[in-house]
Amino acid sequence: MGLYRVDDLAKAGDSLVRIPIQGAALCAGFPSPADDFLEGALELPRWLAPNPPATFAWNISGDSMRGAGIFDRDLAVADRSLKPGNGSVVVAIVDGTMSVKRLIIEGNVARLAFDNPDLPAFAVEDLVEGEIWGVIRFSIRWHVARAGLVR
């Protein structure tokens, strides 16, 4: 396994690509991404988004994926060209609502699960509508220090 520095990766592909940011929060839901729902764009180095036409950014609303390290108000980047596998964090359409879940495959049964032990997993076939839309490639968390009183 090689050790890479971020500046080495940037030299390898220093072109920037624009990734659309969806206007509705991922858990708020709408049937499919469309230009009418775009909030803006995020410029990323190509090595972070190797397939720009299939890559979208989403604002996260809620804490159901805390165990995956995805928190309320994070920005998650999904790639529709990636094939989901067991354990993948995915964007799923669940009964018409876009949401983020963990895909668990046990034998021939696929389940969508929250990364929160208080919330149950459910089988995809038990849903009126259940579809894997894309795979979360990475997320961005804002770390803002609280301003304190200077004493």
Side-chain angles (χ1 to χ4, degrees), residues 1-106 109-117 119 121-125 127 129-146:
M1 179 171 93
L3 181 64
Y4 297 96
R5 293 170 38 118
V6 171
D7 57 344
D8 292 336
L9 291 171
K11 289 176 197 169
D14 39 38
S15 65
L16 294 176
V17 295
R18 292 178 61 83
I19 304 304
I21 299 174
Q22 303 300 337
L26 189 53
C27 292
F30 53 88
S32 65
D35 289 345
D36 294 347
F37 293 101
L38 296 180
E39 184 176 280
L42 180 65
E43 285 191 341
L44 295 171
R46 183 171 286 281
W47 58 271
L48 278 176
N51 191 355
T55 306
F56 299 85
W58 299 83
N59 290 299
I60 299 296
S61 175
D63 289 320
S64 66
M65 295 302 291
R66 293 181 73 92
I70 301 173
F71 298 88
D72 188 40
R73 301 179 68 191
D74 283 357
L75 189 66
V77 176
D79 187 333
R80 295 199 71 187
S81 69
L82 295 176
K83 182 179 179 190
N86 183 42
S88 293
V89 177
V90 299
V91 175
I93 303 172
V94 177
D95 294 334
T97 301
M98 301 295 277
S99 66
V100 61
K101 303 280 185 283
R102 184 169 303 275
L103 177 64
I104 306 294
I105 301 171
E106 298 166 338
V109 177
R111 299 187 186 282
L112 294 173
F114 300 99
D115 264 353
N116 180 332
L119 301 171
F122 45 90
V124 175
E125 64 268 10
L127 304 170
E129 178 188 358
E131 177 186 341
I132 305 300
W133 186 87
V135 176
I136 299 292
R137 185 176 281 279
F138 62 91
S139 62
I140 300 170
R141 179 172 315 122
W142 303 105
H143 297 273
V144 179
R146 292 184 177 197

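- A donor-acceptor contact shorter than 3.5 Å is absent between the side chain of Arg102 and the backbone of Asp115.
- Residues Val17 and Glu43 fail the side-chain proximity criterion, which asks for heavy atoms closer than 4.5 Å.
- Proximity of Arg73 to Ile60: side-chain heavy atoms (C-beta onward) are nowhere separated by under 4.5 Å.
- Ala113 and Met65 get closest at one heavy-atom pair: O-SD, 4.1 Å.
- Here Leu75 pairs with Ile21, Leu42, Ala57, Asn59, Ile140 under the side chain to side chain contact (heavy atoms under 4.5 Å, CB included) rule; sequence neighbours left out.
- Of all heavy-atom pairs spanning Gly85 and Ile105, the tightest one is C-CD1, 4.2 Å.
- The minimum heavy-atom distance between Leu48 and Arg137, with the atom names listed, is O-CD, 3.2 Å.
- For the pair Leu103 and Ala110, the tightest heavy-atom approach, listed with the atom from each and the gap, is CD1-CB, 4.2 Å.
- With sequence neighbours excluded, the residues satisfying side chain to side chain contact (heavy atoms under 4.5 Å, CB included) with Ala41 are Arg18.
- Residues Ser88 and Lys101 form no side-chain contact, since every pair of their non-hydrogen atoms from C-beta on lies 4.5 Å or further apart.
- Taking all atoms of both residues into account, the shortest heavy-atom contact from Asp72 to Gly62 is OD1-N, 2.8 Å.
- To the nearest 0.5 Å, the span separating NZ on Lys83 from CD1 on Ile132 amounts to 12.5 Å.
- Put simply, CG on Asp79 and CG on Asn51 are 5.5 Å apart, with the number rounded to the nearest 0.5 Å.
- Listed by chain and residue number, Phe71, Asp74, His143 satisfy the side chain to side chain contact (heavy atoms under 4.5 Å, CB included) test with Arg141 (two or more places apart in sequence, or in another chain).
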Quick one, Val90 with Ile136, criterion side-chain contact (heavy atoms from CB on, under 4.5 Å). Give me CA distance, side-chain angles, the key distance, then yes/no.
CA-CA 5 Å; Val90 299; Ile136 299 292; over 6 Å; no
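- Separating the CH2 atom in Trp58 from the OG atom in Ser139 is a distance of 15.5 Å, to the nearest 0.5 Å.
- Contact record, Asp63 with Arg66: O-CG, 3.1 Å, taken as the closest heavy-atom pair.
- Between Ile19 and Pro52 the shortest side-chain heavy-atom distance falls below 4.5 Å.
- Of the possible polar contacts, one joining the Arg80 side chain to the Trp133 backbone as a donor-acceptor pair under 3.5 Å is found.
- To the nearest 0.5 angstrom, Ser64 atom OG is 9.0 Å from Ile70 atom CD1.
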From CA spacing to verdict: side-chain contact (heavy atoms from CB on, under 4.5 Å), Val100, Val89
CA-CA 7 Å; Val100 61; Val89 177; 3.6 Å; yes
Stepwise side-chain contact (heavy atoms from CB on, under 4.5 Å) test for Leu44 and Leu16:
CA-CA 5 Å; Leu44 295 171; Leu16 294 176; 6.0 Å; no
